[in-house]
Amino acid sequence: MTRSGTDLRAPEEAPAPAAPLEPAADCAPARAVAHGALVLIGALLLLVVIRLPWIGDLGIHAATVERLRTDLLDPGNPLVDAPGDSPYYSPWMVLLGAFAKVTGLGTFTVLRVGALAGLALLSTGIWRFTRTFTRRRSAPALAILCVLFLCGPVVFMWSGFPGLHSLALTVAYPSTFALGLSFHFWASLSKSLRTGVSWPAAFGLGLLWSVILLCHQFTGVVATFGALGVLLGARPWPGRGVWLRLGAGLVAGLVLLVGWPYYSFFDLFSVGGLEEIHRPLYRDLLPHFGFALIGVVALVLRWRRDRRDPLVIFFLLGALMVTAGGLTGHWSWGRALPAALLPAQLAAALAMVDGGTRLIRNLFAVVVGAALLAGAWAQCGVLGYVVRADALPKAVREKTREPWAGYQWIERWVPYGDTVMVKGRAERQVPAYGPYTVAPGYPDFFLADQEQRLAAVERYFAPGSSRAERLDVLHRYGARWVLQWRSDGGLAASDPALEKVATGPNGQVLYRVVG
């Protein structure tokens, strides 16, 4: 939408009405194509939710639901048998845990319900936020397509980054739920600014902001930048009363952040050790996100029309933080990349329907359309999560990734709450089925003895460790089971302290500790 360059202050008691939006006239064929593509992608994602492919962090979210189902008020550490807080106990996961407890549904069924809710929030949120800029009926569908496909020719998968392939793997994560809430947050804030921001709306916005931060802290940063873009780009400039009510809402949000009982939000600011694991965010930026540069061009055109365009401000805040992180070695600041990507992707979609002259709109339609097709091809490997590999064309099959196999087979033997000695990827999966592991499979900076546990697992499996050292580790951490391949090391299969119980479909052997 073309915004006036005049900044008129409206009286606080009677906010000026929003500038009239464009008529809903639109290109019917383009709208039909966009909506048709969206229906197909929606069907694909629904099938993905049913399959719920496992590569990455799904295990910790499943374990979190398991602990909350068992003890909603004091769940303890989600991964190891120890008390303590955890940032994984967010409002959304507490709600899912309560849902699991009340309904008795299985953990992965509950995660599928959560995935459907997150997917619905994300799609409707993009739709609502896009409608704050234009009435063109094809714009929301185009915006969703750009968010999913206007990335780069090389697939990038990380929670909080909603490219199609990434979304397929993280749809059940709190990050997807938080991002969906963020779009609704921006849309509601924009609407409230147009209507004057009532006291209930201000408190609701403040609480919604804090819930996003509690659910996924990195997405909370993105949500904050987006809100600042909407606020600083508001026309007319909000009056003092509006700022007062928004400030009160902010205080309400801060009270929730301070009072959240499951973990101390502000202790996260002192957490270290996050930089190295986020260094890959700064590698291969053009292959991963190069198509989004089309949106940067669209943002420049928007800036020429309106120096306070909300999407431009949103983009600049994200780009500045990411750039500062790259220059200073704070690689975790790269998690703000969606704050630069999303406004560029939305601007590209808007440029196709509201980009100025017909020539400019048509030019963007051609360029963005070609980029979307290239992005869809780059991410077509997601089909491998819902279609048998042998049924896919060879070119598509080469882009697929095999999901991890689960550990359902140990549930017959290992009771809930027992501790298993295991290393590698299985550390990230076993807790999803109820047991604990000796060491956490994910960095857990709220766990005081994390380093000692990691060292203990390494010592148990190290080739030079004595039998006495290995037994000491098992007994110290109450490990009643050992899960290992022959090549892992550890106690020999013939050791009298171990009793072979079962062999899994992947060749791992489960032993009971009897000595």
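Keep in mind that the numbers below use all heavy atoms, side chains included, and drop hydrogens, waters and symmetry copies.
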Under a plain distance cut-off of 3.5 Å, with no hydrogens placed, do [Y] and [X] share a side-chain donor-acceptor pair?
{"X": "E427", "Y": "T437", "result": "no"}
{"X": "T103", "Y": "R69", "result": "no"}
{"X": "Y477", "Y": "T419", "result": "no"}

Under the ring-ring contact (aromatic ring centres under 6.0 Å, His included) test, residues paired with [X] that sit two or more places apart:
{"X": "H184", "value": "none"}
{"X": "W481", "value": "none"}
{"X": "H330", "value": "W333"}
{"X": "F314", "value": "W186"}

> Taking only residues two or more places apart in sequence or in another chain, which ones pass salt bridge (charged side-chain N to carboxylate O under 4.0 Å, His left out) with D71?
Replying inline: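 D71 satisfies salt bridge (charged side-chain N to carboxylate O under 4.0 Å, His left out) with no other residue.
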> Yes or no on ring-ring contact (aromatic ring centres under 6.0 Å, His included) for F218 and F161, after CA distance, side-chain angles and deciding distance?
Replying inline: CA-CA 11 Å; F218 295 115; F161 290 75; 9.9 Å; no
Could you list all the salt bridge (Lys or Arg N to Asp or Glu O under 4.0 Å) pairs where at least one residue sits in [range], not counting sequence neighbours?
{"range": "residues 279-289", "result": "none"}
{"range": "residues 450-469", "result": "D449-R453, R467-D495"}
{"range": "residues 502-515", "result": "E499-R512"}

Looking only at atom types and distance, does a side-chain atom of [X] sit under 3.5 Å from a main-chain N or O of [Y], one as donor and one as acceptor?
{"X": "T176", "Y": "T170", "answer": "yes"}
{"X": "T224", "Y": "G220", "answer": "yes"}
{"X": "Y433", "Y": "Y407", "answer": "yes"}
{"X": "T64", "Y": "I60", "answer": "yes"}
{"X": "S166", "Y": "W158", "answer": "yes"}
{"X": "W260", "Y": "S90", "answer": "no"}

4.5 Å side-chain heavy-atom contact, [X] and [Y]:
{"X": "V155", "Y": "V382", "result": "no"}
{"X": "V368", "Y": "L142", "result": "no"}
{"X": "F183", "Y": "F185", "result": "no"}
{"X": "F445", "Y": "D267", "result": "no"}

> How would you list all residue pairs meeting ring-ring contact (aromatic ring centres under 6.0 Å, His included) that involve residues 381-403, not counting sequence neighbours?
Replying inline: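 Non-adjacent pairs meeting ring-ring contact (aromatic ring centres under 6.0 Å, His included): H165-Y385.
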> Tell me the side-chain hydrogen bond (donor to acceptor under 3.5 Å, both in side chains) pairs involving residues 48-62, sequence neighbours left out?
Replying inline: D57-R428
>> Holding to side chain to side chain donor-acceptor pair (under 3.5 Å), I want the full list of residues that pass it with R397, two or more places apart in sequence or in another chain.
In response: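 Listed in chain order: nothing, the list is empty.
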> Given the rule in the ring-ring contact (aromatic ring centres under 6.0 Å, His included) test, do F289 and F156 qualify, once you have shown the distances and angles that lead to the verdict?
Replying inline: CA-CA 8 Å; F289 311 113; F156 182 81; 5.2 Å; yes
> With Q484, which residues qualify under side-chain contact (heavy atoms from CB on, under 4.5 Å), at least two apart?
Replying inline: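 Applying side-chain contact (heavy atoms from CB on, under 4.5 Å) to Q484 gives Y460, F461, V482, D488, Y511.
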>> I'd like to know whether CZ of R486 has more than 12 heavy-atom contacts from other residues, nucleotides or ligands below 6.0 angstrom.
In response: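 Atom CZ in R486 is not packed in, count stays at 12 or less.
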>> Ring-plane angle category for W331 and Y282, please: parallel below 30°, perpendicular beyond 60°, tilted otherwise.
In response: perpendicular
> What distance separates L116 CG from I50 CD1, expressed to the nearest 0.5 Å?
Replying inline: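 Result: 8.5 Å between the selected atoms.
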